[in-house]
Protein chains: 2
Amino acid sequence: MLQNKLQVPRISDAVAASLERRILEGSLKPGDRLPPERELAVELGVSRPSLREAIQKLASKGMVQSRQGGGTYVTDRLESSFFDPWQEMMGAHPNLREDMLEFRRMLEGQAAEWAAERATDADMTRIDQTFLALNEAFVSDDLDNRSKADIAFHQAVGEASHNALLGHLTAALLRLMHDNIRLNLGELKTLPAAGVLLKNQHAAIHAAIRDRKPQAARAAAETHIDFVRETLAQSLRSAARRETAARRLNTEFSPSDSHTS
Amino acid sequence: MLQNKLQVPRISDAVAASLERRILEGSLKPGDRLPPERELAVELGVSRPSLREAIQKLASKGMVQSRQGGGTYVTDRLESSFFDPWQEMMGAHPNLREDMLEFRRMLEGQAAEWAAERATDADMTRIDQTFLALNEAFVSDDLDNRSKADIAFHQAVGEASHNALLGHLTAALLRLMHDNIRLNLGELKTLPAAGVLLKNQHAAIHAAIRDRKPQAARAAAETHIDFVRETLAQSLRSAARRETAARRLNTEFSPSDSHTS
DNA sequence: TTGGTAAATTGGTCAAACCAATATGTTGCG
DNA sequence: CGCAACATATTGGTTTGACCAATTTACCAA
């Protein structure tokens with residue numbers, strides 16, 4: 001009924017592909033400036049709006065960046081996050097973060113509950129191992145390792161729930177969130193005392209699963225997420241405060257905005 | 001020297017973000033058709049070229065798809081990216097179906113609970129509409145319409161939960177399952193009496209949400225899934241029986257087909 | 001040399017028009 | 001009455017031309 005017919009090729013797509021090819025071939029290197037739109041349009045034999053649509057496509061992929069009056073520059077596409085669709089969503093719509101944490105609360109609570117009910121000996125061993133590794137990683141300051149260990153632990157729990165979707169989704173969401181946090185917030189160093197609390201929470205989850213106490217496991221997992229959620233919110237608030245403070249400092253040179261709070 | 005300066009906001013970016021938000025919020029659902037560019041441009045108060053640039057951005061992200069003369073339609077890269085791989089899995093490993101139903105039990109239970117708590121008047125209206133449509137569709141024998149109405153109802157509930165992930169996932173899973181069922185099982189005609197039961201279950205969910213009874217809504221949703229799960233299992237068992245019987249008949253003609261390479 | 005201002009450059013936006021593919025309604029034939 | 005063929009309207013695709021705003025560049029004066 002709908003998009004069954006084959007698509008008519010769009011000029012903007014062809015142009016975008018052409019430019020993309022030039023970038024990938026290396027004839028347009030990162031940092032290079034594209035010819036002015038008017039010139040480039042003539043050179044490519046298309047109208048300026050068509051060229052602009054193509055440029056917007058590339059810009060949305062993060063391959064180029066335009067500045068009014070300045071020009072259009074090729075960016076280093078390795079720096080931009082060209083990952084999951086959700087990844088960009090999270091960046092663009094921070095309110096999704098709250099949705100995701102709420103969702104994770106349900107997900108990990110259920111995973112812990114089922115894991116406590118269903119984990120085999122092999123699952124248990126794996127959970128033990130990842131739990132120990134997590135504790136080790138927490139004493140170091142290597143945030144990358146901490147992330148990996150964290151993901152591994154939760155994934156082990158998720159897989160011990162013996163539900164394929166639950167396992168994959170917990171892992172995927174956790175990975176997504178870690179990437180996103182590291183990306184948007186830089187680090188979580190703002191919470192120095194949180195480490196020991198997190199450790200205790202993980203220990204509670206681990207213990208409840210090992211002792212085959214489903215409800216306790218669910219409660220522990222939910223408490224864990226609640227804590228992460230609250231901590232993250234605080235951290236984001238303080239980051240926002242720092243940013244406004246910095247902005248205030250910058251504008252201090254032009255003394256018109258008095259009445260600071 | 002280059003992109004340090006802060007960017008001037010582009011209209012096309014704002015428009016793209018606006019449309020993207022509508023899609024994520026669910027007011028523009030996958031398969032929906034956008035208003036014509038000329039209308040939409042007026043509605044948003046921008047020129048058509050600007051709107052087009054925004055649409056191209058979304059198109060390059062795979063969120064919309066345009067056909068000359070046909071219109072612009074919302075795709076859903078989020079759902080497909082999460083579950084395209086799952087589609088094949090389901091075919092290859094039927095035991096995943098059980099996992100999925102178990103997962104859906106949790107998902108839809110939570111969705112119903114939150115919907116009962118959080119649904120706005122608009123959500124309620126939509127749930128009412130889809131519920132009525134579902135009842136109408138059930139009297140007919142058009143299985144495709146029944147599927148669509150079923151999906152629409154559950155999706156309305158999922159979106160009324162006001163959690164983007166939950167909304168998209170319920171819809172995606174339901175769609176996945178319906179495709180899969182229709183694919184693997186042909187039809188569900190094996191359950192003639194199930195119709196009225198399903199109808200009652202949907203009515204229970206609908207009533208609980210309308211009456212703002214979260215726990216009742218969750219229970220009703222879980223009961224619904226339990227019934228579907230049980231019915232489906234029965235239906236599969238009988239199908240398997242038919243198949244073995246048929247196989248037995250077939251092999252009767254050529255006895256001893258064993259070990260040939 | 002330094003500083004600022006004017007001009008040129010360049011991306012951003014808009015308007016109007018036309019083309020081409022699609023969708024829709026209508027007519028006429030069987 | 002049903003259906004196919006055609007005519008019309010709708011809708012995305014493209015172009016032209018113009019103007020605005022931010023940036024860069026050139027130039028001139030102190």
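In this text the structure is predicted, and so the values were computed from the model without any measurement. Computation of the quantities below employed the complete heavy-atom set of this structure, encompassing side-chain atoms and omitting hydrogens, waters and symmetry-equivalent molecules. Protein chains get the first letters and strands the later ones, always in sequence-line order, with residue 1 at the start of each.
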Inset, instruction - Name every residue in residues 36-51 of chain B that has at least one heavy atom under 4.0 Å from any atom of DNA chain D, in order of residue number, or write none if there are no such residues. - result: B:Pro36, B:Glu37, B:Arg38, B:Arg48

Inset, instruction - Report yes or no: do B:Glu108 and B:His154 form a side-chain donor-acceptor pair below 3.5 Å? - result: yes

Inset, instruction - Taking only Lys NZ, Arg NE, NH1 and NH2, and the carboxylate oxygens of Asp or Glu, determine whether B:Arg118 and B:Glu159 approach each other closer than 4.0 Å. - result: no

Inset, instruction - For A:Arg10 and C:dT22, give me the distance from atom CZ to atom P, rounded to whole Å. - result: 12 Å

Legend entry - Spacing of B:Arg52 atom CZ relative to C:dT13 atom C1', expressed in whole Å: 15 Å

Inset, instruction - Report the residue (A:Gly70 or A:Ile11) whose heavy-atom-nearest nucleotide on DNA chain D is the more 5′ of the two. - result: A:Ile11

Inset, instruction - Using whole Å, report how far CD of A:Gln68 lies from C1' of D:dA22. - result: 5 Å

Inset, instruction - Could you point out which residue of B:Arg126, B:His206, B:Glu136 forms a side-chain contact (heavy atoms from CB on, under 4.5 Å) with B:Phe131? - result: B:His206

Legend entry - Atom-to-atom span, CZ of B:Arg33 to P of C:dT22 - whole angstrom: 13 Å

Legend entry - Rounded distance (Å) that lies between atom P of D:dG12 and atom OH of B:Tyr73: 9 Å

Inset, instruction - Tell me yes or no: between the side chains of B:Ser50 and B:Ser12, is some donor less than 3.5 Å from an acceptor? - result: no

Inset, instruction - Tell me yes or no: between the side chains of B:Thr120 and B:Asp123, is some donor less than 3.5 Å from an acceptor? - result: yes

Legend entry - Rounded distance (Å) that lies between atom C1' of C:dT13 and atom CD1 of A:Ile55: 15 Å

Inset, instruction - Using whole Å, report how far CZ of B:Arg67 lies from C1' of C:dA23. - result: 9 Å

Inset, instruction - Would you name the heavy atoms of B:Asp150 and B:Leu134 that are closest together and state the gap between them? - result: N-CD1, 3.5 Å

Inset, instruction - Calculate the interatomic distance between A:Asp13 atom CG and D:dG12 atom P; express it in whole Å. - result: 16 Å

